[in-house]
Amino acid sequence: MSAPTLAQQTAPPTLQPDTMAARVAACTACHGAQGRAGADGYYPRLAGKPQDYLYHQLLNFRDGRRQYRPMTHLLAGLSDDYLREMAAYFSEQHVPYPAPVRADVSAATLEAGRRLAKEGDAARGLPACASCHGAALSGMLPAIPGLLGLPRDYIGAQIGGWKNGLRRAAAPDCMADISHKLTPNDIGALAAWLSSQPVVEPYVPDAANSVRLPAECGSQAQR
């Protein structure tokens with residue numbers, strides 16, 4: 001029997017049908033191995049996020065509540081159970097976070113972002129991000145994601161998507177309500193501050209119902 005050629009030695013392993021590796025191959029092509037995040041800032045980390053959050057986002061893309069044609073195309077026709085298994089896979093992946101890139105903005109802009117994230121703005125009816133996403137901004141089970149370890153451009157784009165109706169969630173859509181109260185300067189400050197913060201391990205979601213949410217959110221109740 002002849003020895004394998006160099007091409008055979010370096011070729012990636014063939015995906016076996018009906019395995020989780022084959023099922024998520026289209027996901028990791030953009031979101032990185034194990035869902036650790038893509039390289040261009042617009043494909044966010046999937047690894048370690050709450051299973052129900054990931055599941056809801058897959059449903060939202062499939063059913064048209066989030067607008068991104070490649071995702072809608074990939075998920076069309078897939079069953080709820082199939083998507084839930086994919087969400088479970090990525091929620092169980094735990095890989096290191098990269099060091100943050102400090103946003104090139106003024107100290108005043110960073111401080112404005114910190115205040116919105118940690119304190120909110122009661123005069124405008126804006127709860128702090130931490131009041132839902134946890135004191136460490138690591139999320140809360142079953143379906144609230146962490147906010148750190150995400151690129152600045154992605155954070156800004158997602159808040160803008162809610163504000164402009166390109167991203168929606170199950171009613172009552174609390175993030176849509178909050179985004180409509182944020183100015184462009186608010187969004188820029190939040191994206192700059194959040195993306196500049198280091199992730200301190202263990203970075204895991206808080207327990208379910210560990211805090212009382214300041215608003216009713218449909219996705220948190222939807223199972």
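Below, each value reflects all heavy atoms present in this structure, side chains not excepted, and no hydrogens, waters or symmetry copies.
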Could you grab the distance from atom CG of D121 to atom CZ of R115, nearest 0.5 Å is fine? 8.5 Å
Residues passing the salt bridge (Lys or Arg N to Asp or Glu O under 4.0 Å) test with R66, sequence neighbours excluded, are none
Taking only residues at least two apart or on different chains, which pairs with a member in [range] satisfy ring pair (Phe, Tyr, Trp, His ring centres under 6.0 Å)?
{"range": "residues 75-121", "result": "Y97-Y203"}
{"range": "residues 15-46", "result": "H31-Y43"}
{"range": "residues 132-171", "result": "none"}

Does V211 belong to the same Ile/Leu/Val/Met/Phe/Trp/Tyr cluster as L126, with side-chain heavy atoms less than 4.5 Å apart forming each link? no
Neighbour count above 12 (heavy atom, 6.0 Å) for D104 CG: no
Within 6.0 Å of NE2 in H180, more than 12 heavy atoms from elsewhere: yes
Is there any disulfide (SG to SG under 2.5 Å) pair reaching into residues 129-187, and which pairs are they, with sequence neighbours excluded? C174-C217
Sequence neighbours left out, what pairs pass disulfide (SG to SG under 2.5 Å) with at least one residue falling in residues 33-104? none
side-chain contact (heavy atoms from CB on, under 4.5 Å), that's the test. Do L78 and L58 meet it? Break it down for me. CA-CA 10 Å; L78 298 182; L58 291 170; over 6 Å; no
Could you please spell out the steps behind the side-chain contact (heavy atoms from CB on, under 4.5 Å) verdict for L150 and L194? CA-CA 8 Å; L150 293 169; L194 288 169; over 6 Å; no
Quick one: does K118's side chain have a donor or acceptor within less than 3.5 Å of a partner on A135's backbone? yes
Taking it one step at a time, do Q51 and R84 satisfy side-chain contact (heavy atoms from CB on, under 4.5 Å)? CA-CA 8 Å; Q51 178 182 341; R84 192 179 290 279; 3.5 Å; yes
Set out, in order, the CA-CA distance, both residues' side-chain angles and the distance that settles side-chain contact (heavy atoms from CB on, under 4.5 Å) for R124 and T183, then state yes or no. CA-CA 11 Å; R124 291 191 286 159; T183 68; 3.9 Å; yes
Could D80 and R62 be called an ion pair, given the rule that one side-chain N must be under 4.0 Å from one carboxylate O? yes
K163 bridged to D186 by N-O distance under 4.0 Å: no
